[in-house]
Amino acid sequence: MITFPKPDVEQFLRTFSIADFAVSPDEKHLVFSTNLSGKYNLWGMDLPNSFPYPLTSIDQSCQGLIYDKKSRFIIAGFDQDGNENTQFYGVPLNGGTMKEIVNHENTRNFMPKLSNDSKKLYYTTSRGNPSFLNSYCLDLESGQERLVLEGKDAATYLFGFSPDEETLLYYKHFANTYTLLYAKKGNEDILLTPPTEKQHTVNDGVFVSDSMIYLLTDYDSDFTYLASYNLETNKFCKVKELENESFTAITYSKENQLLYITSQKGVEDQLYEINLQNENWRNIPVPCSVINKLEVAASGTLYLFGMSATKPHNIYKNTGDEWVSLTKYTVPGVDSNELVEPDIITYHSFDGREIESLFFRAKNENDNGEVIFWPHGGPQAAERKFFRASFQFFLNNGYSIFAPNFRGSTGYGLEFMKMVEGDWGNGPRLDNVAGLDWLIDQGHAQKGNILLMGGSFGGYMALLLHGRHADYFKAVVDIFGPSNLFSFINSVPEDWKPVMDQWVGNPEKDKEKLIEFSPITYLESMIKPMLVIQGANDPRVVKEESDQIVQALKDKGRDVDYMLLENEGHGFSKKENEIAVYQKILSFLKRFTAVKEKV
């Protein structure tokens with residue numbers, strides 16, 4: 001009998017990902033952005049067959065992916081090595097030479113939309129208005145374009161248009177917790193939620209006729225619900241809400257007059273269907289815990305892209321009775337029994353507020369007794385039942401992972417989400433400290449023996465916790481985290497800058513607070529060994545954020561290692577880089593890992 005060794009731990013990092021997908025209107029073709037070759041490219045499948053073939057070989061991730069309405073070509077957006085300066089290209093259905101559609105150096109382009117006849121491309125761009133953005137309509141035949149929406153007061157994004165294309169739908173982004181949806185018909189701009197001084201959000205909206213819009217909003221509520229707006233009567237109406245759930249995305253099936261709504265409830269998603277003819281509402285079971293995207297074909301068929309804590313990204317088709325997986329991504333060579341589902345736990349923070357968290361516990365046969373404390377990024381995001389290859393990689397190496405959804409996280413209501421605004425370094429920090437204390441009180445870790453790691457805002461929080469609470473930790477990993485809130489505010493993309501006063505703080509009015517909340521203020525207390533990871537092309541947390549704290553710590557003679565990725569931005573788009581990063585982190589953590597005695 002042949003026996004095989006356990007899977008190499010690197011196999012967990014060999015798991016492929018999907019970033020986006022689209023289905024052709026005739027449902028004969030599907031395109032998806034995946035790193036199947038080790039780097040992101042577009043791949044196609046001729047349905048109902050599900051064997052993929054490459055469409056591009058440019059090795060760049062895709063932002064914005066749509067089909068021509070007559071299934072003749074694809075529009076796709078690509079940046080360059082993570083710089084987020086997305087440009088739009090036409091891609092033949094079977095791949096080949098791409099055609100530049102929108103290409104302006106050093107501009108950010110967003111949300112491509114094709115007209116019903118596919119002769120015009122609508123898109124939003126930073127060109128000419130980097131702070132508030134403009135939207136254009138490009139005639140694909142003549143190459144002529146016209147301005148259809150000028151951004152003012154806040155970053156303004158063209159969202160969609162009515163079936164007759166006479167009315168535009170757009171939203172203004174004043175803050176992550178303050179977004180307003182408008183309809184523009186001629187010279188008239190119609191606000192789709194009732195006027196109020198109280199900040200609220202509109203997450204999504206869709207036309208079901210030339211005059212009726214359904215939208216998702218938390219106007220006069222803590223959680224997001226379904227509402228409607230009639231452009232003929234100018235009437236706003238609440239349609240459906242669910243307790244402690246926030247609706248996140250809405251899609252319309254014209255064929256069946258059905259609305260499909262995804263909903264976030266804590267760490268998992270739900271999918272609902274509402275029949276506009278009889279107002280029947282039902283929950284649709286889904287094959288994953290987190291829904292990344294839902295598409296409804298002209299026929300009414302549902303296509304879903306999602307994942308779970310132990311299931312990588314996959315694309316599914318609903319056949320009526322069940323979901324069929326069109327892609328077959330797994331952890332290569334690893335049995336599902338080797339993967340770890342998280343426990344959902346809650347603990348009480350310093351002010352009595354309940355904090356929900358995910359606790360991934362290494363299997364007994366792998367457990368080395370070590371715990372990684374992971375504050376998530378965002379901060380107005382959440383740790384959910386995502387598939388993270390890195391988590392399963394560390395778990396298989398024996399490291400348990402604790403990931404709290406501290407104040408500011410999404411999925412727990414608008415009030416909770418707003419609690420991080422202007423308070424990056426106090427309430428969220430103390431929520432994390434309470435999580436550390438819970439681990440210690442429950443016997444899962446010892447003070448001074450915890451490993452700390454986070455990315456983006458999580459990297460910022462790792463730096464801040466290190467500077468202010470170093471006695472909890474023995475080693476720290478910062479993955480592209482802001483170190484100095486003054487330089488961070490000054491260096492973010494131009495269309496982010498209008499929201500920074502509310503989100504982070506004003507450098508003049510809030511000077512003392514920003515000093516207090518900046519990790520670089522606490523260099524003297526950062527005494528534990530550190531590893532810092534940074535993408536050279538990161539436009540969100542620029543290279544200088546890591547450069548300055550690494551240099552300052554080295555000047556003090558501290559133990560700090562710095563890994564700079566020359567061809568990455570805010571994340572890891574190339575498999576070779578992702579593997580190198582997490583192998584580097586594992587090697588770093590092993591320096592501080594005690595050998596657990598086997599009982």
Side-chain angles (χ1 to χ4, degrees), residues 2-18 35-36 38 267 288-290 307-314 328-345 357-376 383-404 439 444-445 449-455 458 462 474-477 479 531 533 563 571-572 574-599:
I2 299 175
T3 59
F4 296 95
K6 285 187 64 176
D8 187 306
V9 292
E10 189 177 300
Q11 287 178 231
F12 292 87
L13 298 177
R14 292 286 179 187
T15 307
F16 300 120
S17 298
I18 299 172
N35 58 353
L36 192 56
V267 297
C288 53
S289 297
V290 177
M307 58 181 166
S308 302
T310 56
K311 290 183 181 179
H313 305 83
N314 275 295
K328 307 291 183 181
Y329 284 1
T330 60
V331 182
V334 177
D335 188 273
S336 60
N337 292 325
E338 296 278 345
L339 306 177
V340 175
E341 279 281 348
D343 296 326
I344 302 173
I345 68 100
S357 307
L358 292 180
F359 192 12
F360 295 80
R361 305 172 196 246
K363 291 181 179 293
N364 287 335
E365 62 268 27
N366 298 324
D367 189 5
N368 60 16
E370 303 288 347
V371 176
I372 296 172
F373 190 85
W374 172 269
H376 65 72
E383 195 59 45
R384 314 184 67 225
K385 286 191 176 180
F386 302 125
F387 181 83
R388 289 189 186 270
S390 58
F391 275 24
Q392 299 297 333
F393 170 73
F394 289 122
L395 287 159
N396 196 258
N397 273 278
Y399 298 87
S400 296
I401 302 169
F402 187 82
L439 284 169
H444 300 299
N449 201 42
I450 298 171
L451 299 163
L452 175 60
M453 177 167 60
K474 58 181 176 180
V476 181
V477 180
I479 307 171
L531 171 62
I533 312 289
M563 184 178 187
F572 312 121
K574 297 168 178 61
K575 183 58 68 175
E576 60 192 29
N577 289 336
E578 181 185 7
I579 291 173
V581 164
Y582 287 110
Q583 290 284 28
K584 175 84 170 180
I585 293 173
L586 179 63
S587 177
F588 174 75
L589 295 183
K590 282 184 173 179
R591 290 170 49 195
F592 316 98
T593 301
V595 178
K596 183 183 179 183
E597 293 184 11
K598 298 295 182 182
V599 178

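We use all heavy atoms of the structure for the numbers below, so side chains are in, but hydrogens, waters and symmetry mates are not.
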J.: Go through the steps to decide whether His313 and Thr15 satisfy the test side chain to side chain contact (heavy atoms under 4.5 Å, CB included), and finish with yes or no.
T.: CA-CA 9 Å; His313 305 83; Thr15 307; over 6 Å; no
J.: Is there a side-chain contact between Leu531 and Ile585 (heavy atoms, below 4.5 Å)?
T.: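 Of all side-chain heavy-atom pairs linking Ile585 with Leu531, at least one is under 4.5 Å.
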J.: Quick check: do Leu358 and Val267 have side-chain heavy atoms less than 4.5 Å from each other?
T.: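 With C-beta onward as the side chain, the pair touches.
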J.: Is the side chain of Thr593 donor-acceptor paired with the backbone N or O of Leu589 at a distance under 3.5 Å, no angle test?
T.: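 Between the backbone of Leu589 and the side chain of Thr593 there is a qualifying donor-acceptor contact (under 3.5 Å).
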J.: Determine whether Phe394 and Phe360 make a side-chain contact, defined as any pair of heavy atoms from C-beta on separated by less than 4.5 Å.
T.: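 Result no, sub-4.5 Å side-chain heavy-atom pair not found.
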J.: Using atom types as modelled and distance alone, determine if a side-chain donor or acceptor of Asp343 lies under 3.5 Å from a backbone N or O of Ile345.
T.: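 Checking the backbone N and O of Ile345 against the side chain of Asp343, no donor-acceptor pair under 3.5 Å is found.
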J.: Glu576: what forms a side chain to side chain donor-acceptor pair (under 3.5 Å) with it, not counting sequence neighbours?
T.: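 Residues passing side chain to side chain donor-acceptor pair (under 3.5 Å) with Glu576: none at all.
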J.: In Å, rounded to the nearest 0.5 Å, how long is the span from OG of Ser357 to CD1 of Ile401?
T.: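 So the gap between those two atoms works out to 13.5 Å.
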J.: Determine, stepwise, if the pair Asn314 / Met307 fulfils side chain to side chain contact (heavy atoms under 4.5 Å, CB included).
T.: CA-CA 6 Å; Asn314 275 295; Met307 58 181 166; over 6 Å; no
J.: Do the side chains of Glu370 and Lys590 get close enough for a salt bridge, i.e. N-O under 4.0 angstrom?
T.: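 Between Lys590 and Glu370 there is no salt bridge, as every charged N stays at least 4.0 Å from the carboxylate O atoms.
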J.: Hey, which of Lys363, Lys311, Gln392 is the one that makes side-chain contact (heavy atoms from CB on, under 4.5 Å) with Leu339?
T.: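 It is Gln392; the other options fail the test.
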J.: If you round to the nearest 0.5 Å, how far is CD of Gln583 from CZ of Phe588?
T.: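 That separation rounds to 15.5 Å.
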J.: Quick one: does Arg361's side chain get under 4.5 Å of His444's, heavy atoms only?
T.: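 The answer is yes; the side chains approach within 4.5 Å.
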J.: Do Tyr329 and Ser17 have side-chain atoms, one donor and one acceptor, less than 3.5 Å apart?
T.: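 There is no such pair between these side chains.
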J.: Test of understanding: with ring pair (Phe, Tyr, Trp, His ring centres under 6.0 Å), list the residues that count as partners of Phe402, not counting sequence neighbours.
T.: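 Ring pair (Phe, Tyr, Trp, His ring centres under 6.0 Å) list for Phe402, sorted by chain: Phe359, Phe373, Trp438.
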J.: Applying the side-chain contact (heavy atoms from CB on, under 4.5 Å) test to Val331, which of Phe387, Phe16, Phe393 qualifies?
T.: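 One option only clears the test, and that one is Phe387.
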J.: Tell me, do Arg14 and Pro332 make a side-chain contact under 4.5 Å, heavy atoms counted?
T.: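 Arg14 vs Pro332: side chains touch.
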J.: Could you go step by step and tell me if Phe572 and Ile533 meet the side chain to side chain contact (heavy atoms under 4.5 Å, CB included) rule?
T.: CA-CA 11 Å; Phe572 312 121; Ile533 312 289; 4.2 Å; yes
J.: Any side-chain heavy atom of Ile372 within less than 4.5 Å of one from Phe391?
T.: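 They are not in contact (no side-chain heavy atoms under 4.5 Å apart), so the answer is no.
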J.: For residues Val476 and Leu451, determine if any side-chain heavy atom of one lies less than 4.5 Å from a side-chain heavy atom of the other.
T.: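 Val476 vs Leu451: side chains apart.
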J.: Return the CH2 to OG distance between Trp374 and Ser390, rounded to the nearest 0.5 Å.
T.: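 Atom-to-atom, Trp374:CH2 and Ser390:OG are 6.0 Å apart.
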J.: Please give me the minimum heavy-atom distance between Asp367 and Ser400, naming the atom from each residue.
T.: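 Heavy atoms only, the tightest pair is OD1-OG, 4.5 Å.
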J.: How close do Ser308 and Ser289 get, counting heavy atoms only, and between which atoms?
T.: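 Residues Ser308 and Ser289, closest heavy atoms: OG-N, 2.9 Å.
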J.: Check the pair Leu439 / Val371 against side chain to side chain contact (heavy atoms under 4.5 Å, CB included), numbers first and verdict last.
T.: CA-CA 9 Å; Leu439 284 169; Val371 176; 4.0 Å; yes
J.: Please determine, by modelled atom types, if Glu341 and Thr310 share a side-chain donor-acceptor pair under 3.5 angstrom.
T.: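 Judged by distance alone, the side chains do pair up.
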J.: Look at the side chain of Asn449 and the backbone N and O of Ala445, then say whether any donor-acceptor pair between them is shorter than 3.5 Å.
T.: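 Answer holds: no.
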J.: Do Pro375 and Leu452 come within less than 4.5 Å of each other through their side chains, counting heavy atoms only?
T.: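 Result yes, sub-4.5 Å side-chain heavy-atom pair found.
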J.: Hey, does the side chain of Lys575 reach the backbone of Leu36 with a donor-acceptor pair shorter than 3.5 angstrom?
T.: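 No, the answer is negative, given that no donor and acceptor are paired below the 3.5 Å cut-off.
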J.: Applying side chain to side chain donor-acceptor pair (under 3.5 Å), name anything that partners Asn577, two or more places apart in sequence or on another chain.
T.: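 Here the qualifying residues are Asn567, Glu568.
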